[in-house]
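The sequence lines fix the lettering, A, B, ..., with proteins before strands; numbering per chain opens at 1. All of these numbers come straight from a predicted model, not from anything done at the bench.
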Amino acid sequence: MLLDIHVRIKDALRAAIVSQWNIDPPDVVLNQTPKIAMGELATPVCFELAKRLKKAPRAAAAELIAAAGPIEGVRKLELAGAGYINLFLDRANVLRGSSMEMDAGKFRGFGDNPGKVIVEHTNINPNKAAHIGHLRNAAIGDTFVRVMKSTGRPVEIQNYIDNTGVQVADVIVGFKYIEKKSLDEVKALIADPDVRFDYYCWDLYAKSAAFYEAEDPKKTLRGQTLKEIEEGGNETAQMGEAVAMTIVKCHLATMARINVRYDLLPRESDILHLKFWDRAFEELKAKNAIFFENEGKNKGCWVMTLDAEGYDDDKIIVRSNGTVTYVGKDIAYQLWKLGLLHKDFLYDLFDSDRHVWVTSSANGRPIHPAFGHGASVYNVIDVRQSYLQTVVRQGVLALGYEEEAKNSVHFAYEMVALSPACAQELGIELSEEDRKRSHVEVSGRKGQGVKADDLLDTLENDARREVEKRNPELTPAEVAEISHQIAAGALRYFLLKFTRNAIIAFDFKEALNFVGETGPYLQYAAVRGCNIINKLIAAQPDYDLNRIKRFENDPKLQTMLAESDDIWELVYIASRLDEIIAQVIQTMEPATLAKHAFTLAQAFSVFYGKYRIIDENDEDKQVFYLTVADFARRSLMLSLELMGIEVPRRM
RNA sequence: GCGCCCGUAGCUCAGCUGGAUAGAGCAUCGGACUUCGAAUCCGGUGGUCGGGAGUUCGAAUCUCUCCGGGCGCGCCA
């Protein structure tokens, strides 16, 4: 809605510049004014014009205002400050248009590209419980997915499962050689309801590091185990399969707690067994994207030359022993995602309730959704893998797929570390230097870190205490549901409010906070918004709620909005959602949405405290307030939904 | 060595393609509950935007340089 007005303003001003001075118009930039009373939007374009026309900026602005015809949705243009043009929008029109847009549930967002978007996120090694770093990845990825879907673009969510990697092998080494367990014993452990299997593996994985050091310094057992897992058809591989897929189920259950789900789980074992790499290898060779090194340190390897800045050495794709590196497999997978591999997986249903599919090499179902063939591919992976992502994109480019390489996007974000205080709370030993740092990186190999489910459990307990205190009449089931919603909301907001390239120094005090700029603050504002309607009906059972919708078209709305800048400011913020959505997509920055939603909740809370609606005697005023409250509430709830944050019935 | 990121209030962070008086939250001090639910609201204290130079009518934002910190550059994944 506002985006349409922006376009009209820019077009109109450009046309006016051309007709007035017959020059090539500069880019018309629109900014927010410092105060809503000065209008909603401002353009500094006349400063640029002043330079070109050798006029005073204010003079140029006055002429431009005079030259510009009426613009649909804009009430007036005003000369301001040193030469700004301030624009005053038609207030009722903004509310009405934005309200309709929200009803339709489809936002302009970006471009007209109708192609499918593939977003790959989460990607946790299936060998231990998920931790907070994984939660950040999922929260960012899932929010980006929701935002993109709100523009009507088809999105496919993939969660890559590296089920044949060394990390899985290490846990299998733990089961087989540290604990000396058979396949049946491991299966019994998996079936034991008293064992949190992902937690068990968390500890076992940490033990494997110590085991290698003491018993197997050359890690021959790891190599051997990895080989057996990759080859398949043996007991080690069966154990690996059982362990990895059980852990995947744990991860999906954990992620479901914060409202994250997936469409497809592509597995590395299937990429291996279906020989995706062989196909990619042939093409890379045929198109001279990689070459065989006959001399030097990389003798006997297939390597790719990188022309990316900062990476001088060739990257080894196939080792001298003939095995493919991780990046090689990733290139094959990326080609498949882009629909360029000319090979496909088989597919099986992994979770029929949530419609999650998994790739397969042998037992595919005849009917399945069409996966892959993404027009754009976003890989949500932490920034430390930038180098590898560059190699993958380079591989696509070297095959001559320029457009596809451009549409292969590394959605990078910074890691979650621990504040030194938090690390100490967890019993992690710190050096004198570590204590002075702003954050301390954790090592999963040492079993350090904050497990996702532990954090969620703590949040739920804290929330439960508050909910029970405030709502003694609720049943235990209701308390449990609301506590969960608050815990998940608090966590998701906490992870989303930081921009992508901010390192989160995790701290329990901040993450467990329900006051101030937090998820529960936003939820509370939304709950109060909903309660206005509930209380109104309780107080006046015969109140016709349709009056609210009708009032959007009542001429009184215009005059009442014109008379109250404070209320208009709330309406304006609430109507900016389409603009925010477009910005989130363009900049790949979900934090922008989080900040916006918080600003909206703040404005709503102010409005809520300032105006009493139920006991308002003036009928016109009451319906006006109701219209505004309902509009703001809907916008806030939509924003929350885009962040995967639920609104509890009560708080 | 090369490359990327960061440095803004006591703490944690926003600040969009350069634009009007640099903003939030927490903390701190003070005020508002017989309430459409105070997980809230109102007010106060608190900043030479790491230093310097440059570009510009205009720089927290762009360029260069220096200082301080993080990360990456594997025949690991």
Q. Quantified in whole Å, what is the P atom distance between nucleotide B:rA14 and nucleotide B:rG50?
A. 14 Å
Q) Heavy atoms under 4.0 Å, any strand shown: does A:Val303 hit a base, just sugar-phosphate, or nothing? A) nothing
Q.
Quiz question: by atom type and distance under 3.5 Å, do the side chains of A:Gln334 and A:Asn379 form a donor-acceptor pair?
A. yes
**Q.** A:Arg445 and A:Asp170 ion-paired at < 4.0 Å
**A.** yes
Q. Does A:Tyr524 or A:Asn86 map to a spot on RNA chain B nearer the 5' end, using the closest nucleotide for each?
A. A:Asn86
Q: Please confirm whether the backbone N or O of A:Ala412 pairs with a side-chain atom of A:Arg500, one donor and one acceptor, at under 3.5 Å?
A: yes
Q) Think A:Arg136 forms a cation-pi with A:Tyr413, using NZ or CZ under 6.0 Å from the six-ring centre and within 45 degrees of its axis? A) no
(Q) Does A:Asn513 contact B:rG25 through a side-chain donor or acceptor facing the base, at a distance under 3.5 Å? (A) no
Q | From B:rA39, B:rC36, B:rG70, nucleotide with atom closest to A:His439 side chain | A | B:rG70
Q.
Check this for me, if you would: do A:Arg108 and A:Glu579 make a salt bridge, where the nitrogen-to-carboxylate-oxygen distance has to be below 4.0 angstrom?
A. no
**Q.** Spacing of the C1' atoms in B:rU8 and B:rG69 (rounded, Å)
**A.** 16 Å
Q.
I'd like the C1' distance from B:rU48 over to B:rA22, given in whole Å.
A. 13 Å
Q: Look at A:Glu616 together with A:Arg612 and state whether they make a salt bridge at an N to O cut-off of under 4.0 Å.
A: no
Q: Please report, rounded to the nearest Å, how far the P atom of B:rU40 is from the CD1 atom of A:Ile532.
A: 16 Å
Q | A:Lys297 with A:Asp313: basic N within carboxylate O range, under 4.0 Å | A | yes
Q | Atom pair distance, as rounded to whole Å: NE2 in A:His410 and C1' in B:rG72 | A | 12 Å
Q | Spatial distance of atom CE (A:Met304) from atom CD1 (A:Ile316) [nearest 0.5 Å] | A | 12.0 Å
Q. Atom NZ of A:Lys35 to atom P of B:rU21: distance rounded to whole Å?
A. 11 Å
Q. At what distance, to the nearest 0.5 angstrom, does CZ of A:Arg465 lie from CG of A:Asp462?
A. 5.0 Å
Q: Specify the separation, in whole Å, of atom CD1 of A:Ile482 and atom P of B:rA39.
A: 14 Å
Q: Can you tell me, in whole Å, how much space there is between the P of B:rG30 and that of B:rG68?
A: 43 Å
Q: May I have the distance from A:Phe598 (atom CZ) to B:rC26 (atom C1'), rounded to whole angstrom?
A: 11 Å
(Q) Distance check, C1' atoms only: B:rC13 and B:rG31, in whole angstrom units. (A) 28 Å
So which protein nitrogen or oxygen atoms get under 3.5 Å of nucleotides 7-11 of chain B's nitrogens or oxygens?
none

Q. Which part of the nucleic acid does A:Tyr521 contact within heavy-atom distance under 4.0 Å: base, sugar-phosphate only, or nothing?
A. sugar-phosphate
Q: Taking A:Lys497 for its side chain and A:Glu517 for its backbone only, find out whether a donor-acceptor pair lies under 3.5 Å.
A: yes
Q: Could you tell me whether A:Ala82 contacts a base, only the sugar-phosphate backbone, or nothing, with contacts defined as non-hydrogen atoms closer than 4.0 Å?
A: nothing
Q) To the nearest angstrom, how far is A:Leu49 atom CG from B:rC57 atom C1'? A) 13 Å
Q. Is A:Arg576 salt-bridged to A:Glu40, cutoff N-O under 4.0 Å?
A. no
Q | Atom-to-atom span, CG of A:Leu496 to P of B:rU12 - whole angstrom | A | 21 Å
Q: Just call it for A:Arg437: base, sugar-phosphate, or nothing, with non-hydrogen atoms closer than 4.0 Å on any strand.
A: sugar-phosphate
Between the protein and nucleotides 13-19 of chain B, list the N/O to N/O atom pairs that are separated by less than 3.5 angstrom.
residue	atom	partner	partner atom	Å
B:rC13	OP1	A:Ile503	O	3.2
B:rA14	OP1	A:Thr499	N	3.0
B:rA14	OP1	A:Thr499	OG1	2.0
B:rG19	O2'	A:Tyr84	OH	2.5

Q: Apply salt bridge (charged side-chain N to carboxylate O under 4.0 Å, His left out) to the pair A:Glu478 and A:Arg650, showing each step before the final yes or no.
A: CA-CA 9 Å; A:Glu478 287 170 324; A:Arg650 297 180 61 88; over 6 Å; no
**Q.** Side chain A:Asp462 and base B:rA39 donor-acceptor under 3.5 Å
**A.** no
Contact list (N/O, under 3.5 angstrom) for nucleotides 74-77 of chain B vs protein:
residue	atom	partner	partner atom	Å
B:rC75	O3'	A:Arg319	NE	3.1
B:rC75	O2	A:Ser320	N	3.3
B:rC75	O2	A:Ser320	OG	3.1
B:rC75	N3	A:Ser320	OG	2.8
B:rC75	N4	A:Lys297	O	3.2
B:rC76	OP2	A:Arg319	NE	2.6
B:rC76	O3'	A:Arg319	NH2	3.3
B:rA77	OP1	A:Arg319	NH2	2.2
B:rA77	OP2	A:Arg319	NH2	3.0
B:rA77	OP2	A:Tyr326	N	3.3
B:rA77	O3'	A:Asp162	OD2	3.1
B:rA77	O2'	A:Asp162	OD2	2.9

Atom pairs and distances, side-chain donor-acceptor, residues 596-605 of chain A, under 3.5 Å, sequence neighbours left out:
residue	atom	partner	partner atom	Å
A:Thr599	OG1	A:Lys595	O	2.9
A:Ser605	OG	A:Tyr521	OH	3.4
A:Ser605	OG	A:Ala601	O	3.0

Q.
Please list, in numerical order, the residues of residues 602-614 of chain A that have a heavy atom closer than 4.0 Å to any atom of RNA chain B.
A. A:Gln602, A:Ser605, A:Val606, A:Tyr608, A:Tyr611, A:Arg612, A:Ile613, A:Ile614
Q: Mark yes or no for whether A:Asp618, through its side chain, and A:Lys621, through its backbone, hold a donor-acceptor pair below 3.5 Å.
A: yes
Q: Go through B:rG70, B:rU40, B:rG37 for me and flag the one nearest to the A:Arg650 side chain.
A: B:rG37
**Q.** Dot-bracket summary - RNA chain B, pairs being Watson-Crick or G-U whose distances fall under 3.5 Å, with | when paired to another strand
**A.** (((((((..((((.....[...)))).(((((.......))))).....(((((..]....))))))))))))....
Q. If you look at every strand shown and take non-hydrogen atoms under 4.0 Å, does A:Gln523 touch a base, only sugar-phosphate, or nothing?
A. nothing
Q.
Just the rounded figure in Å: distance from C1' of B:rU12 to OH of A:Tyr493.
A. 13 Å
Q: Give, for atom CG of A:Leu2 and atom CG of A:Leu41, the distance between the pair rounded to the nearest 0.5 Å.
A: 7.5 Å
**Q.** Test applied, side-chain contact (heavy atoms from CB on, under 4.5 Å); reference residue, A:Val628; option that passes from A:Ile567, A:Ile613, A:Val623
**A.** A:Ile567
Q: Inspect the contact between A:Arg437 and A:Asp434 and indicate whether a charged nitrogen and a carboxylate oxygen are less than 4.0 angstrom apart.
A: yes
Q. Taking atom P in both B:rG23 and B:rA60, what distance in whole Å separates the two?
A. 13 Å
Q) Does A:Arg464 come within less than 4.0 Å of A:Glu468, counting only side-chain N to carboxylate O? A) no
Q | Nearest-angstrom distance, C1' atom, B:rC49 to B:rU21 | A | 15 Å
Q.
For the C1' atoms, the ones on B:rG25 and on B:rG72, what distance do you get once it is rounded to whole angstrom?
A. 33 Å
